[in-house]
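Residue numbering restarts at 1 for every chain, and letters A, B, ... go by the order of the sequence lines.
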There are 2 protein chains.
Amino acid sequence: MGITRQTKQVKALIDIFDNKKTAISVADLVKLLESKMNKTTVYRILDKLMDDGVVHSFIGKGGLKWYAKCQDCSCETHNDVHPHFQCKTCGEVECLSVSFKLPSVNGYKVESASLLMVGECNACA
Amino acid sequence: MGITRQTKQVKALIDIFDNKKTAISVADLVKLLESKMNKTTVYRILDKLMDDGVVHSFIGKGGLKWYAKCQDCSCETHNDVHPHFQCKTCGEVECLSVSFKLPSVNGYKVESASLLMVGECNACA
DNA sequence: ATTAATATTGCAACTTAGTTGCATTAAAAT
DNA sequence: ATTTTAATGCAACTAAGTTGCAATATTAAT
């Protein structure tokens, strides 16, 4: 189940995603919001926003969890098979709105995939 | 710098990779070897085996670090742009020896990429 | 075979991400 | 205004991964 009550904590988190084009790591969100809410609350709200199809999550190059606003997702399916690009210098992550086709693998039922491309962003190059 | 002394801890780790086709997470390695060596040692040897081009690492679906034996890597370059497949049921990870082409991204210098495909393996299906 | 140099290891303590249980607080429906 | 219960805060916890330093064990030199 997703979000049912519009608390000020929920509003604060949604506000961040509305005003941010790029992705953000949970660790950064917790730091960013530490004066406004507990870290447990951050984790719990993010879970619910996932269920609602408002945000999607993925794993960054260091193994940390990142979140970004969904573009074409519904509550039922997260259609974010889009790749992510992470800058090795500044660490920023962007969702790439291109599609890519997975290599065919014989015998395995592939249900989801995540592609992380690492390099240098325009700002750091 | 890589490995210079052939200690019994180093041999134990290399032995595991030699007798294992699939990948293994660092957490599992630490547990597997806890009677034989300290976890710090496991982490340090893995770093060196990376430098030597003996193993390569990647991030699994839960954000944990995994290692597997290299097939076509040298000390200079890790050519493991191959995808990995992780079973959502048993958690096992396999290196897939297929190549895939990255989507072209305008303006970004892509230096490395990791593709993780998640689904169900033959054993669990 | 000893000895000396130093790479490697073990240990303890630490950092950080993420989780859990429970009492308290605050939406929102009545 | 009251009641219901979803949501929050807090403290304590687990687990991954790191660091500094003293002790140990390879390896090279004698």
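- In this structure, B/Thr40 and B/Ile3 both approach DNA chain C, and ranking their closest nucleotides by distance from the 5' end singles out B/Ile3.
- Among the protein residues, A/Lys39 comes within range of the nucleic acid bases, having at least one heavy atom under 4.0 Å from a base atom.
- A/Val26 comes within contact range of the sugar-phosphate backbone alone, with a heavy-atom separation under 4.0 Å but no base atom that close.
- For NZ of A/Lys20, the number of neighbouring non-hydrogen atoms (other residues, nucleotides, ligands) closer than 6.0 Å is greater than 12.
- Looking at A/Asp28 and A/Ser25, their side chains do bring a donor and an acceptor atom within 3.5 Å of each other.
- The phosphate of C/dT8 (OP1 or OP2) has a side-chain N or O of B/Lys48 nearer than 4.0 angstrom.
- Each of D/dG17, C/dT9, D/dA6 was ranked by its minimum atom distance to the side chain of A/Arg5; first place goes to D/dA6.
- In terms of polar N and O atoms assigned as donor or acceptor, the side chain of A/Arg44 never comes within less than 3.5 Å of the base of D/dT8 in a complementary pairing.
- Rounded to whole Å, atom C1' of D/dA16 lies 14 Å from atom CH2 of B/Trp66.
- Remark: C1' of D/dA16 and NZ of B/Lys31 are 10 Å apart, rounded to the nearest angstrom.
- OP1 or OP2 of D/dT26 has at least one side-chain nitrogen or oxygen of B/Lys8 nearer than 4.0 Å.
- In the set C/dA17, C/dT9, D/dG17, D/dG17 carries the atom at the smallest distance from any side-chain atom of B/Lys65.
- Contact check, B/Gln6 against C/dA7: no side-chain N or O comes under 4.0 Å of OP1 or OP2.
- Put simply, B/Thr41 has a side-chain N or O that comes within less than 4.0 Å of OP1 or OP2 on C/dG10.
- The 5' end of DNA chain D is approached more closely, in terms of each residue's nearest nucleotide, by B/Tyr43 than by the other of B/Tyr43 and B/Thr7.
- The phosphate of C/dA27 (OP1 or OP2) has no side-chain N or O of A/Thr4 nearer than 4.0 angstrom.
- Counting only N and O atoms by type, the side chains of A/Thr22 and A/Glu92 include a donor and acceptor under 3.5 Å apart.
- In the model, B/Ser99 has no side-chain atom that pairs as donor or acceptor with a side-chain atom of B/Lys101 under 3.5 Å.
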